[in-house]
Each structure stands twice: as C-alpha cells, then as structure tokens.
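Below: the structure, in structure tokens.
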Amino acid sequence: MPAKIYRPAKTAMQSGKAKTHLWVLEFDQEIPRKIDPIMGYTSSADTRQQLKLTFDTQEQAEAYAQRNGIEYRIIAPKDAIRQTVSYSDNFRFTRIQPWTH
C-alpha cells in the first residue's frame, strides 16, 4: 500500500506554526469509501488510512518506510512567502494608491 510523506501546512484556524515542523507518513486510500444505506455515514474497510505517523525529520520517515517495505512518495513543503509591510508606508508621499477610509 503506497504512502505519502509530507510536512503539514499551517491551518487557517491558527495563527502560529504549531505542528508544522513534524513530518507525517500517511497511507493512501486503497478501498473506496461507501455510504451506509441506513444511517448515511461514510465508512471504509481500509483501516490503514486512519493511521498517521509523525517523525521529527524527513530522513526518519523515509528510513521507517524503507525498513517496513512501504512504497512511498515525498511531497516537498512549500514555505509561505511573507511580504514585509511597514506601517509608515501607509503615509508615504510617493504612495501609488491614495490613502482613504
């Protein structure tokens, strides 16, 4: 069963970078999910997709996958591009857009 190794991105519900420095090994879905006809719940017989393993480094996650014979792919993390903005730029004389309320 193939797996993916990635570093999770920051969620929209948090302002900090908690839990984004860890690497996660997560198994891909092998059996499609089905809807229970009585209750309407979505269920699956594939229990491996519920498993998430966390590692401190990418090398540790790769070593674990190789040791256990797990086929894996690595998804490279994309770091956010921060734009530095100065408060005094709001009142700059050469401002492109006029300052309005």
- When rounded to the nearest 0.5 Å, the distance separating OG1 of T47 from CZ of F27 is 10.0 Å
- Residues sharing I35's hydrophobic cluster, by side-chain heavy-atom contacts under 4.5 Å among ILVMFWY, directly or via others? none
- Query: Who else is in the cluster with V24 when I, L, V, M, F, W and Y are joined by side-chain contacts under 4.5 Å?
  - Reply: Y6, I75
- Message: Strictly distance-based, threshold 3.5 Å: is any side-chain N or O of R7 a donor or acceptor partner for the main-chain N or O of H21?
- Response: no
- salt bridge (charged side-chain N to carboxylate O under 4.0 Å, His left out) pairs, two or more places apart, involving residues 34-59: E26-K52
- Task: For R67, check side chain to side chain donor-acceptor pair (under 3.5 Å) against everything at least two apart and list the hits.
- Result: none
- Message: Listing request: all ring pair (Phe, Tyr, Trp, His ring centres under 6.0 Å) pairs with a residue in residues 50-71, at least two apart in sequence or in separate chains.
- Response: F55-Y64
- Query: Say you draw a straight line from CE of M1 to CG of D28; how long is it, rounded to the nearest 0.5 Å?
  - Reply: 7.5 Å
- Separation between CD1 (I74) and CD1 (I5), nearest 0.5 Å, reads 5.0 Å
- State the CG-CD distance between L22 and Q60, to the nearest 0.5 angstrom. 10.0 Å
- What's the spacing between N68 CG and L25 CG if we round to 0.5 Å? 9.5 Å
- For M39, the rest of its hydrophobic cluster, which grows through side-chain links under 4.5 angstrom: I38, Y41
- Query: Who passes side chain to side chain donor-acceptor pair (under 3.5 Å) against Q83, sequence neighbours left out?
  - Reply: none
- For R33, all residues meeting side-chain contact (heavy atoms from CB on, under 4.5 Å), sequence neighbours excluded: Q29, T42, S44, Q49
- Message: Could you tell me if Q66 and E62 have a donor-acceptor pair between their side chains, going purely by distance under 3.5 Å?
- Response: no
- Message: If the condition is side chain to side chain donor-acceptor pair (under 3.5 Å), which residues does S43 pass it with, not counting sequence neighbours?
- Response: none
- Message: Just to verify, what does S86 make a side-chain contact (heavy atoms from CB on, under 4.5 Å) with, not counting sequence neighbours?
- Response: S88, D89
